[in-house]
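Scroll down for the structure; my scribbles are underneath it.
All chains are named by letter (A, B, ...) in the order of the sequence lines, taking the proteins before the strands, and each is independently numbered beginning at 1.
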Amino acid sequence: MSQYNPQQIEKKWQNIWKEQKAFEPEESFEKEKMYVLSMFPYPSGRIHMGHVRNYTIGDAIARHYRKAGYNVLHPIGWDAFGMPAENAAIKHKVHPKKWTYENIDYMRKELDSLGLSFSQDREFATCDPLYSKWEQKFIIDMWNKGLLYRKKASVNWCPHDKTVLANEQVIEGRCWRCDTEVVQREIEQYFLKITDYAEELLQDLDKLEGKWPSQVLAMQRNWIGKSEGLEFVMKLDSPSAQKAGAEGFEVFTTRPDTIYGVTYAALAPEHPIVKHLIETKALDEEKIERIKRMQNQNAKERQQAEKEGLFLELYALHPLTGQKIPVWVANFVLMEYGSGAVMAVPAHDERDFEFAKKYGLPIKYVIKPKTGELDTSKAYTEPGILFDSGKFSGMRSEEAKRAIIDYFEKEGLGRRAVNYRLKDWLVSRQRYWGTPIPLVKCQSCGIVPETDLPVTLPEDIEITGEGNPLELHPTWKKTRCPKCGGEAERETDTLDTFVESSWYFLRYTTPRKYWEEVPFRKEDSDYWMPVDQYIGGIEHAILHLLYSRFFTKVLRDMGYVSIDEPFERLLTQGMVLKDGAKMSKSKGNTVDPDAIVQKYGADTARLFILFAAPPQKELEWSDSAVEGAYRFIKRFYERSFNAKPLKELPKFGDLSKEEKEARKKVYEALKKSQEVYAKSFAFNTLIAAAMEALNALNAQNNEEVWSEGYWVLSNILEPIIPHVSHEIADRLFGRANFAPILVDEGALEEESVTLAVTINGKRRCEIEVPKEASKEEVLEVAKEAAKKWIEGKEIVKEIVVPGRLVNLVVKG
RNA sequence: GCCGGGGUGGUGAAACUGGUAGACACGCGAGACUCAAAAUCUCGUGGGCAUUUGCCCGUGUGGGUUCGAGUCCCACCCCCGGCACCA
């Protein structure tokens with residue numbers, strides 16, 4: 001017998017796996033496939049415990065299915081573009097490319113040390129030009145389809161550094177680098193029309209029901225934010241129309257039933273009518289000044305600000321009554337939602353109510369509760385019965401909504417409409433370290449797609465944090481128009497890094513040797529997609545997953561893939577905590593994965609992380625529990641010398657009670673393992689079952705029972721603690737046991753069963769009866785055993801739950 | 001505020017479609033081995049009462065359904081995550 005030496009065993013097996021290329025998927029499409037994917041990491045420099053958890057979970061699943069005979073795709077890559085590389089460049093004067101690839105090399109070694117079964121062939125970084133090439137192709141396709149378009153949008157602008165700032169670079173309204181006050185500046189940006197897919201993105205969530213966490217589905221539904229209602233034009237009276245330079249303005253409401261309660265209208269500060277009034281100086285200086293101040297607030301500030309507005313000296317006409325109603329501008333009306341204008345019903349909307357109170361605007365109730373009194377000290381926002389609403393009076397809200405919309409449609413006043421909270425996806429970034437947008441600006445042809453892909457980044461740049469390096473580069477942006485051959489300029493914006501992560505899972509489906517010719521082969525994606533099991537942090541529940549779903553649908557419509565949804569099943573893992581808080585450098589409560597691997601080995605790290613909590617839950621780090629995991633593996637290894645080598649499973653004759661118990665626990669663990677991968681991923685319970693089995697094996701000394709136990713246990717523990725499992729299984733069985741094992745139902749059977757006896761539901765004692773005992777026999781034994789509790793009492797009911805308990809209901 | 005998910009020993013957690021609450025670990029206590037310690041092994045470990053056989057209480061709180069509730073229903077409290085002036 002030898003000592004457990006994790007360093008030696010782990011190194012040995014990692015080398016063997018590497019040499020044998022043990023984790024490459026087969027290129028043929030014959031076997032049943034299993035695509036297991038953990039979200040790829042950003043190469044920040046070192047891995048952290050969150051990564052260890054994510055990749056250990058994915059690895060266990062991948063190894064399980066590989067062992068079960070599936071063709072498994074379990075790839076890894078690097079989400080390699082993004083701001084931290086530029087920040088490092090500013091701080092340490094190191095080129096983003098160098099920094100990124102060095103980090104990747106280091107982190108790859110760290111991941112390797114954990115014994116993760118990734119395909120080596122299919123690894124890539126999203127900053128590889130070969131990846132950009134195809135991303136740029138997609139972007140051009142989308143441009144040609146009109147899915148990518150340009151529109152002005154406001155950005156955070158630092159006047160000192162002459163650069164656009166991301167929200168996280170704005171600290172209390174000031175630039176993170178130079179502390180200059182940040183201003184909002186409108187520039188031309190690129191958007192992807194995700195709103196074209198809003199309805200499908202919403203509908204298809206139903207297909208994921210039961211396969212994705214309900215929480216994530218709910219978050220996506222909220223984010224898309226569908227609402228149905230009435231859309232109509234509020235006409236301005238003629239003097240107002242002249243002043244406003246418009247006949248009227250469009251409004252949207254989800255409460256057409258409250259339309260007779262409209263007492264004013266409100267426009268967003270950015271509304272075209274408001275802009276027109278300012279340009280034509282139709283309002284006095286002071287009012288213009290106040291509107292401009294509202295416009296200058298960014299979204300966050302405006303949210304926190306108090307409701308504010310002013311009368312625009314315009315009157316609109318109520319669409320049904322023709323009454324004149326005042327038009328205001330209000331800071332709580334959002335230009336991005338609906339049409340940037342609302343019909344205000346203060347009696348039945350809290351915001352409108354608050355605003356009306358502040359400015360003394362009339363409040364007119366038109367809905368009353370079905371029962372009880374109307375409280376006129378606040379807005380009544382519930383549905384109810386209409387009154388003072390013309391011919392619609394007396395209707396209930398639901399009915400009135402339909403009737404009023406129908407009436408508007410019939411009279412040509414407005415239409416039934418749907419609105420989404422979801423906005424188009426702003427994909428352009430004024431940064432260096434990203435995928436260049438492959439478009440060229442030509443004086444005579446306008447914006448023209450590049451034909452020679454990929455458009456690569458220039459490397460001779462300096463990143464200082466001032467200005468945009470692509471803009472400042474002396475020659476890079478000078479080019480020829482692909483259409484007319486004349487002088488032209490390249491687009492200097494790069495793409496949001498969420499674009500890269502929106503299709504990386506498709507790239508993996510195709511072997512590296514085709515990467516030059518195609519983004520991925522259709523036959524490969526048809527075989528491998530969708531991803532069968534996706535694993536990642538809940539923090540990506542909305543954006544990454546929504547963008548990936550959108551991208552998949554667009555690629556489908558462009559003929560690249562045949563699926564509607566990219567991720568069949570989703571598992572969102574919980575955070576890793578220490579001392580009750582998320583591990584972070586600033587809190588100083590991090591645990592370095594490398595140190596754990598060095599001290600205890602990768603198997604211990606993996607076992608602890610899967611044992612300490614179910615994957616979906618938060619995991620509290622515990623040094624002593626890590627020790628416990630190490631001790632288990634040590635026992636598992638050392639006791640393996642109680643087993644003798646086998647070529648196949650032995651047959652058993654008569655066995656002692658302990659021997660039978662050991663076999664039973666072993667097969668219970670096997671059964672548990674099958675359940676865990678099929679449903680819950682509760683690795684903690686699978687590990688507990690394996691521990692019970694090892695404890696039971698240790699309570700007997702039949703060498704063949706030991707051998708059978710290790711045949712099964714080293715199989716089911718292989719996904720979790722692969723190195724030691726391979727070591728043991730190789731020595732004892734030549735790894736012949738790494739194949740599906742049937743549960744020996746005979747080992748699970750028992751001749752007698754223990755039943756609890758409860759009197760009036762209260763547990764009193766236990767009885768042991770033969771397995772086949774009839775109900776009458778069981779009751780007889782139970783009554784005898786429970787004699788002292790039922791003596792002199794009347795039994796009014798007898799309940800026997802087979803294999804569980806007996807309940808006697810007594811009276812007196 | 002709205003939408004999700006949770007509250008079980010000293011700790012991390014188990015408990016299948018209502019059926020012996022606390023599996024498996026960590027920690028702690030006792031013992032064995034040892035000159036001693038570490039390591040390892042064995043036993044014990046929800047709380048309270050009791051000399052023992054035992055008895056009572058116990059899954060956030062209060063009600064309910066049921067022979068039987070951690071599990072189902074109603075009301076409430078607390079914690080976590082997300083969204084939030086979305087008309």
Side-chain angles (χ1 to χ4, degrees), chain A residues 213-223 225-227 229-231 251-255 258 265-266 268 299 302-307 330-334 336-345 348-352 354-355 419-423 538-539 541-542 572 574-575 607-608 611-614 616-629 631-632 634-635 638 672 675 679-680 682 684-695 698 754-766 788 795-810:
Chain A
S214 58
Q215 190 190 174
V216 175
L217 295 174
M219 281 160 76
Q220 293 230 343
R221 287 194 181 101
N222 289 343
W223 190 261
K226 181 181 183 176
S227 56
L230 168 69
E231 191 177 79
V251 296
F252 172 74
T253 178
T254 56
R255 294 294 305 272
T258 64
R302 205 180 288 184
Q303 254 170 49
Q304 284 153 2
E306 199 188 327
K307 284 194 181 34
N331 66 343
F332 67 89
V333 181
L334 308 173
E336 311 87 67
Y337 187 78
S339 53
V342 297
M343 62 172 223
V345 186
H348 303 293
D349 181 285
E350 274 163 25
R351 295 157 301 180
D352 297 346
E354 200 184 313
F355 193 81
N419 251 295
Y420 299 90
R421 200 191 80 105
L422 181 69
K423 287 184 276 183
I538 187 79
E539 65 271 23
I542 299 174
T572 47
M575 284 191 305
L607 182 69
F608 166 74
F611 183 54
Q616 298 86 346
K617 263 192 87 166
E618 289 175 343
L619 183 152
E620 174 71 30
W621 187 265
S622 157
D623 289 325
S624 55
V626 174
E627 295 265 0
R631 284 202 297 268
F632 170 75
K634 192 166 143 65
R635 280 198 297 272
E638 284 167 3
K672 191 79 196 173
E675 278 166 30
K679 280 203 297 244
S680 63
N684 53 331
T685 61
L686 157 56
I687 293 164
M691 287 174 168
E692 281 189 69
L694 188 65
N695 291 345
N698 203 46
T754 307
L755 302 181
V757 179
T758 59
I759 312 296
N760 292 345
K762 187 172 240 354
R763 182 175 168 275
R764 288 302 176 183
C765 61
E766 278 180 0
K788 60 184 275 201
I795 299 178
V796 293
K797 203 166 183 181
E798 297 165 339
I799 293 147
V800 177
V801 183
R804 295 280 178 187
L805 53 68
V806 179
N807 190 23
L808 302 173
V809 185
V810 299

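- A:S214 contributes atom OG, which lies 9.5 Å from atom CZ of A:R221 (distance to the nearest 0.5 angstrom).
- For B:A69, neither phosphate oxygen OP1 nor OP2 lies less than 4.0 angstrom from any side-chain nitrogen or oxygen of A:K762.
- The nearest heavy atom of RNA chain B to A:G225 and to A:E620 marks one nucleotide each, and the one closer to the 5' end goes with A:E620.
- Because its glycosidic torsion is within 90° of 0, B:G9 is reported here as syn.
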What N/O pairs connect the protein and nucleotides 1-10 of chain B at under 3.5 Å? Give each pair on its own line.
none

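- When the P atom is used for both B:C57 and B:U8, the distance is 22 Å, rounded to whole Å.
- Both A:I799 and A:R351 lie near RNA chain B, and the one whose nearest nucleotide falls closer to the 5' end is A:I799.
- Remark: A:K307 is not positioned above the aromatic ring of A:F355, lacking an NZ or CZ atom under 6.0 angstrom from the ring centre and at most 45 degrees off the axis.
- Taking the P atom of each, B:U71 and B:C16 are spaced 12 Å apart, rounded to whole Å.
- Between B:U34 and B:G22, the distance separating the two P atoms is 38 Å to the nearest Å.
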**Request:** Test A:V251 against A:V342 for side-chain contact (heavy atoms from CB on, under 4.5 Å), laying out the working first.
**Result:** CA-CA 5 Å; A:V251 296; A:V342 297; 5.5 Å; no
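- Consecutive Watson-Crick or G-U pairs involving RNA chain B, each under 3.5 Å on both distances, make up stems of three or more pairs at B:1-7 with B:77-83, B:10-12 with B:24-26, B:27-32 with B:40-45, B:46-49 with B:54-57, B:60-64 with B:72-76.
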Check nucleotides 20-25 of chain B for protein N or O atoms closer than 3.5 Å to its own N or O atoms and list the pairs.
residue : atom : partner : partner atom : Å
B:U20   : O2   : A:R763  : NE           : 2.8
B:U20   : O2   : A:R763  : NH2          : 3.3
B:U20   : O2   : A:E766  : OE2          : 3.0
B:U20   : N3   : A:E766  : OE2          : 3.3
B:U20   : O4   : A:T754  : O            : 3.4
B:A23   : O2'  : A:E692  : OE2          : 3.0
B:A25   : OP1  : A:N695  : ND2          : 2.7

